Amino acid sequence: MAIRIQNKNPLDISKRVAIGVSIPFNSDSVFTSTYTTVDQTKYNIINYLLTNNDERVLNPNFGANIRAFIFEDITESNLGALEMKLRNDIPLYFSNVTITKLDFIPLYDSNTVQLNIDFNVYETPQNIQITF
């Protein structure tokens, strides 16, 4: 009988070695360390969402460029273009991520949009919610 072994990154073997830092930074300590690749991938996606194009010197195409959409009208075509960009770019930059659900919820009264991303990292479900 076959037994399925869950995928595990080699960096996750040692529980005492930090892999990266979480975003946003705290006021208590400058950096809060992350100890699993699942947590670090989640914070890397948050970093991707908060980065504009041309902010990275050697990687000018990195970033969701959400700030370009902030002063645009909340229309289906604008949200559809942003959704298409995210669905194409996230698997390109994060090969261990599988997007399961990506929703934009327009909040017309406050002129904001809530972004909900459900994704899997090494078969572990994660969720990110950002309002812009």
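Note that this is a predicted model, so its numbers are computed, not measured.
- At least one side-chain heavy atom of Val97 sits under 4.5 Å from a side-chain heavy atom of Ile45.
- Using a 4.5 Å cut-off between side-chain heavy atoms of Ile, Leu, Val, Met, Phe, Trp and Tyr, with links allowed through other members, Phe132 and Ile105 fall into different hydrophobic clusters.
- Across all non-hydrogen atoms, the minimal contact from Ala64 to Leu86 is CB-CD2, 3.8 Å.
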Exercise for the section: Walk me through it: do Thr37 and Ile19 pass the test side-chain contact (heavy atoms from CB on, under 4.5 Å)? Expected result: CA-CA 7 Å; Thr37 54; Ile19 295 175; 3.7 Å; yes
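- Nearest heavy-atom pair across Phe69 and Leu82 is CE1-CD1, 3.6 Å.
- Between Gly63 and Asp89, the shortest heavy-atom contact is O-OD2, 4.5 Å.
- Side-chain atoms of Thr34 and Gln40 include a donor-acceptor pair closer than 3.5 Å.
- Side chain of Asn88 to main chain of Met84: a donor-acceptor pair is present (N/O by atom type, distance under 3.5 Å, no hydrogens or angles).
- Taking 4.0 Å as the cut-off between side-chain N and carboxylate O, Glu72 and Arg67 do not count as a salt-bridged pair.
- Two residues are said to be in side-chain contact when any heavy atoms from C-beta on lie closer than 4.5 Å; Tyr108 and Ile74 meet this criterion.
- Considering only heavy atoms from C-beta on, Thr51 stays 4.5 Å or farther from Tyr48 through its side chain.
- One N or O on the side chain of Lys42 and one on the backbone of Asn127 form a donor-acceptor pair closer than 3.5 Å.
- Asp39 and Thr36 are linked by a side-chain donor-acceptor pair at a separation below 3.5 angstrom, with hydrogens and angles left out of the test.
- No side-chain heavy atom of Val21 sits less than 4.5 Å from a side-chain heavy atom of Thr32.
- Side-chain contact between Ile117 and Lys101 is absent, with no heavy-atom pair separated by less than 4.5 Å.
- Taking each heavy atom of Ile130 and Ile128 in turn, the nearest pair found is CG1-CG2, 3.9 Å.
- Rounding to the nearest 0.5 Å gives a distance of 9.5 Å between CG of Leu92 and CG of Asn61.
- Considering all non-hydrogen atoms of both residues, Asn65 and Lys85 come closest at CB-CE, 4.3 Å.
- Expressed to the nearest 0.5 Å, how far CG of Asn44 lies from CG of Asn96 amounts to 9.0 Å.
- Linking ILVMFWY side-chain heavy atoms closer than 4.5 Å, directly or via other members, places Leu79 and Leu107 in two distinct hydrophobic clusters.
- Donor-acceptor pairing under 3.5 Å is lacking for the side chains of Glu55 and Asn53.
- Between atom CD of residue Glu83 and atom CG of residue Asn78 there is a gap of 13.0 Å, rounded to the nearest 0.5 Å.
- Using a 4.5 Å cut-off on side-chain heavy atoms (C-beta onward), Phe104 and Gln114 make no contact.
- Between Asn120 and Thr100 the shortest side-chain heavy-atom distance falls below 4.5 Å.
- Taking 4.5 Å as the limit, some side-chain heavy atom of Tyr93 sits within range of a side-chain heavy atom of Asn59.
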